Amino acid sequence: MSHAVTVSPEAQASDQQFLEDRKNAGLTRYIKRHSKQARITHDVTIICCIWLMISGLFVFAPPLTQLCPQELVFAFRMSHRVIGVLFVAVPLISFFMAPGGARHIWKANTCKWTSDDKMWMVMFFPYLFGAKWIHMPDQDEQKSGQRFADGMLWICGFLMAISGVILLLGSTVFTLGPGAHAVWLALHDLGFFLLCVFATAHIFLGAGIFQPYRGGKDINGNKVKGCWNLMFGDGMVSEHDALYHWGHWAREELESGENVVYKDKDGNIVEMPKGK
């Protein structure tokens, strides 16, 4: 069922004038999506994760260790322990520094799925191969696919953190029996495998390798950064990309105006009159 939207001539003229003013000024509207603390936590954690995946091969893959000098193997193994502590500590510190942010993330990822969410998941794989021709349903702050993938990353990270801490303590503070060691090692390996799968998908989309997440130019010809800027830049998303990827959330943010900023062609934030 379609619903007609009635816009008064005055409001339509005002909106048109506003768009013309923005176009003439060469401004691009952005929404602040991620805080500085969230970006730092994400970036440190993902760097630790990548290094743990590399160094872990020299801890749990004996055939690989035999191909390298023992000094290099020792360095990798020690770095695996040190970086593993950071991998666990950084998210915990961030949680205690901003518990409200953690609750917001939990709420955004565990909210009830709507019909748009379910349809998005149904259309996801066709969308990967036909993004130019398929229009995805509008989404909230977290896409349904994001909720599933991020949830799996959280589960994998938690599994690897717990099993890694027990394996570390079992070799330094107390002694794990052969059976217990084998179980925790298997859980650690399972977490590693799942993390590789979902982290690859996360990087494919988040880093802008997939074209719709890559960025481009807006109606003014200004260069717009891709989704990688959300975590490795200033945490802002352009109005166009926000509406394309998270339509429901973007409209709420644009209506409130609380997290909306304007940038000129050089990327500088420009103050706009109230009500714009």
Side-chain angles (χ1 to χ4, degrees), residues 1-3 30-34 38-39 41-43 45-46 49-50 53 91 101-160 190-218 224-233 235-255 259:
M1 179 181 296
S2 61
H3 299 273
Y30 281 80
I31 302 174
K32 299 177 183 178
R33 184 166 170 85
H34 295 301
R39 301 196 305 272
T41 303
H42 173 275
D43 297 351
T45 302
I46 198 172
C49 184
I50 292 173
M53 294 170 77
R103 286 194 296 270
H104 180 80
I105 293 174
W106 174 262
K107 183 178 179 180
N109 280 279
T110 57
C111 61
K112 184 178 180 180
W113 282 32
T114 65
S115 58
D116 282 344
D117 293 328
K118 297 172 184 177
M119 183 57 66
W120 196 95
M121 289 296 292
V122 170
M123 296 173 64
F124 177 66
F125 283 106
Y127 173 67
L128 284 177
F129 302 99
K132 290 183 179 180
W133 303 279
I134 296 178
H135 178 72
M136 299 293 279
D138 284 345
Q139 293 285 274
D140 292 309
E141 184 174 359
Q142 290 288 87
K143 298 178 182 179
S144 51
Q146 279 182 286
R147 294 174 214 161
F148 174 72
D150 288 357
M152 289 302 300
L153 286 173
W154 279 95
I155 292 172
C156 295
F158 182 78
L159 178 60
M160 294 195 71
L190 175 62
F192 171 78
F193 172 75
L194 293 175
L195 192 64
C196 286
V197 174
F198 288 98
T200 300
H202 188 74
I203 293 171
F204 178 67
L205 299 177
I209 299 173
F210 185 42
Q211 196 281 328
Y213 293 75
R214 196 175 300 165
K217 292 186 178 181
D218 63 8
V224 176
K225 297 177 181 179
C227 286
W228 62 268
N229 186 62
L230 294 175
M231 283 302 185
F232 292 98
M236 298 186 188
V237 59
S238 70
E239 174 185 10
H240 175 272
D241 284 346
L243 288 169
Y244 179 84
H245 292 294
W246 306 280
H248 295 311
W249 168 80
R251 291 186 183 91
E252 292 177 1
E253 291 291 335
L254 293 171
E255 183 177 352
N259 296 312

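Counting from 1, the numbers follow the sequence of the chain as shown. Note that the structure is predicted; figures quoted are calculated from it, not measured.
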Item to check | side-chain contact (heavy atoms from CB on, under 4.5 Å) assessment of Leu159 paired with Leu194 | outcome: CA-CA 10 Å; Leu159 178 60; Leu194 293 175; 5.5 Å; no
Checklist entry - Could you walk me through whether Phe204 and Leu128 pass the side-chain contact (heavy atoms from CB on, under 4.5 Å) check? => result CA-CA 11 Å; Phe204 178 67; Leu128 284 177; 4.2 Å; yes
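Judged purely by atom type and a 3.5 angstrom limit, His245 uses its side chain to pair as donor or acceptor with the backbone of Pro212. A donor-acceptor pair is defined here as one N or O able to donate and one able to accept, closer than 3.5 Å; no such pair exists between the side chain of Asp241 and the backbone of Gly215.
Remark: aromatic rings of Phe158 and Trp154 are distant, center separation not under 6.0 Å.
The aromatic rings of Trp120 and Tyr127 are tilted relative to each other, their planes meeting at an angle between 30° and 60°. The aromatic rings of His42 and Phe232 stand perpendicular to each other, their planes meeting at an angle above 60°, with 30° marking the opposite boundary. Relative ring orientation between Tyr244 and His135 is described as perpendicular, the plane-to-plane angle rising above 60° on a 0-90° scale split at 30° and 60°.
For Trp113, the CH2 atom counts as densely surrounded, since its 6.0 Å shell holds more than 12 non-hydrogen atoms of other residues, nucleotides or ligands.
Inter-residue side-chain proximity for Val224 and His240 is flagged as unmet; no heavy-atom pair is nearer than 4.5 Å. Put simply, the side chain of Leu205 does not reach to within 4.5 Å of the side chain of Cys227, judged on heavy atoms. Side chains of Ser144 and Gln139 form a contact here, defined as non-hydrogen atoms less than 4.5 Å apart.
Here the straight-line distance linking atom CG of Asp150 with atom CD1 of Ile105 works out to 9.0 Å at 0.5 Å rounding.
In this structure Asn259 satisfies the side-chain hydrogen bond (donor to acceptor under 3.5 Å, both in side chains) test together with Glu253, sequence neighbours excluded. Residues passing the side-chain hydrogen bond (donor to acceptor under 3.5 Å, both in side chains) test with Arg214, sequence neighbours excluded: none.
For the side-chain hydrogen bond (donor to acceptor under 3.5 Å, both in side chains) test with Glu141, the passing option among His104, Lys107, His248 is His104; the others fail. Partner of Arg147 under the side-chain hydrogen bond (donor to acceptor under 3.5 Å, both in side chains) criterion, out of Thr110, Asp117, Asn109: Asp117 alone.
Contact record, Trp249 with Asp140: CB-C, 3.6 Å, taken as the closest heavy-atom pair.
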